[in-house]
Number of protein chains: 2
Amino acid sequence: MSGTDFDPIVDTTRRAEIVSLLRRAILTGKLEPGQKLNELRISEQMRVSRAPLREAMRELVQEGILTSIPYAGTFVIEVTVKDIEEAYSLNQVLDEFAIEKTWPNRTEQFFDELDRRHDAVKQATREEDTTRQIETALQLHGLIYEWADHSLLLDTWQRLTSRLQMYFALHQRARNEPVPSVDVHEEYVRLLKGNNMKAAQRHARAHIGLDFEELVAFARSLEKRNAGSEPVGRSAGGKG
Amino acid sequence: MSGTDFDPIVDTTRRAEIVSLLRRAILTGKLEPGQKLNELRISEQMRVSRAPLREAMRELVQEGILTSIPYAGTFVIEVTVKDIEEAYSLNQVLDEFAIEKTWPNRTEQFFDELDRRHDAVKQATREEDTTRQIETALQLHGLIYEWADHSLLLDTWQRLTSRLQMYFALHQRARNEPVPSVDVHEEYVRLLKGNNMKAAQRHARAHIGLDFEELVAFARSLEKRNAGSEPVGRSAGGKG
DNA sequence: TATTGCAATATTGTCGACAATCTGATTTTC
DNA sequence: GAAAATCAGATTGTCGACAATATTGCAATA
């Protein structure tokens, strides 16, 4: 706006560092759903005290990917079919809104960034880096939220994204094979560049829907496996 | 739904207690927007150590009503016109979705609860308890979220509610006079009991809209007052 | 006079230790 | 032998103190 724009100095607190580490571990599946986070063990591994670790965990609980039971422990959230369906349906609603808000803000810079992120997805696909593939796809998808000029919406979506990333990562690890190399985003990007907003909104619904169908089927198989009392077994041990 | 339903045991940690206290202080305006939260002072006033206080503050930061700058402090969020407009527009979108999801779940119990909460609003109005009036109105409004059988949506709305309550409280304190005693919820309740979902959705939009119009006008006057660099003055002192 | 450098102070971030609570095995009791 | 009571171990919650950083006031300097 006024002359040169400087980015704010990066905040270097252990807490922030820990949040990043933990979030990544959860979203990539290194920490499995239902797994308990032992404070003492993690703090020793990270060479930090429990204070910043606990504060970081509080943040992630509020972010919705950890759940806490007083005096019992803090656990990675379980993944149920219902959770995924909820994320799916809310995502549809928010997508429609985000496209509506972003539509008038589409500048040349927007289109450039759109292509850039699309390229990132394609490259990750070529390299068969599944984790990165999920990340880049979600980043491409997040563009309409970043350009909506609506911080509350962006916030809401980022919270949703954490869960989505976790679900997709779970799925990928279970399938244990590279994702189809066919580019499913081509149409999406094309429509976002076009002049038909309604069409873009409709496609966003349908397109995301397809990805989700498989995800829900996968989650359903998970639940069938250990049906009965609990949604997913609470593995205590994990890794040494 | 199997036989007798028991509520879970209340978790008694200082942290949870502090979260409640702080949230209430912020939402009722006892802690003003922009105000800095001095950890030492608050921990002494509450007779607790800084550890649980800091953890509680982390939760409220993630909840969106506090904002934190490393090594500088934690502050109550500012209220800008844009914030309120964002809350407004997102609320519209979510309302529509919530009504759609709740619609098939409306049982006799739902209608009873609807009346009960409506009565609570009317009583608070009679007693001219403005703070309680805001609370009860939001609780009435929250019913469609609680019955939507969509925990993610409910979560999202509760986060939004915190902000709304803060905004409305600000407004009330500024006007410094009781709210109009005319019941604006009569029509809303009637439509939720009826058979026309689309009509209920439309009304929700328009009705909430009216309340917001005044709120936005108020916020605009606030910003005009101290226009220039910062949105709202960061009062350091507060109360002794 | 405006700006820079420095010291003193206040506040936040982090640490290690202790208290409260839960869990599981062992012992006691019928 | 089974159920209840008890006790030891492990883990979470809380505390007080120290370290790192930012802020404020004042002196030095151009």
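Numbers restart at 1 for each chain; the letters A, B, ... are given by sequence-line order, proteins then strands.
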Listed partners of Phe97(A) passing ring pair (Phe, Tyr, Trp, His ring centres under 6.0 Å), at least two apart: His150(A)
Proximity to the side chain of Asn38(A) - top-ranked nucleotide from dT11(D), dT14(D), dG13(C): dT11(D)
I want to verify a distance call: between dG13(C), dT12(C), dT14(D), whose nearest atom is closest to the Arg15(B) side chain? dT14(D)
Taking [atom1] from [X] and [atom2] from [N], how many angstroms apart are they, rounded to a whole number?
| X | N | atom1 | atom2 | value |
| --- | --- | --- | --- | --- |
| Tyr71(B) | dT11(C) | OH | P | 17 Å |
| Leu40(B) | dT14(C) | CG | P | 17 Å |
| Ile69(A) | dT23(C) | CD1 | C1' | 14 Å |

Hey, is the side chain of Arg14(B) poking within less than 4.0 Å of OP1 or OP2 on dA20(C), counting only N and O atoms? no
All N/O donor-acceptor pairs, side-chain side in residues 153-161 of chain B, below 3.5 Å, sequence neighbours left out:
from, atom 1, to, atom 2, distance (Å)
Thr156(B), OG1, Leu152(B), O, 2.8
Arg159(B), NH1, Gln62(B), O, 3.2
Thr161(B), OG1, Trp157(B), O, 2.8

CE/Met166(A) to CD1/Ile77(A) distance, rounded to the nearest 0.5 angstrom? 4.5 Å
Measure the spacing between CD of Glu113(A) and NE2 of His118(A) and express it to the nearest 0.5 Å. 13.5 Å
Please classify the nucleic acid contact of Ile18(B) as base, sugar-phosphate, or nothing, using heavy-atom distances under 4.0 Å. nothing
Under 3.5 Å, is there a donor-acceptor pair between the side chain of Arg50(A) and the main chain of Glu39(A)? no
Quick one, which residues of residues 46-58 of chain A touch DNA chain D with a heavy atom under 4.0 Å? Arg50(A), Arg54(A), Arg58(A)
Does Glu135(A) pair with Arg24(A) as a salt bridge, N-O distance under 4.0 Å? yes
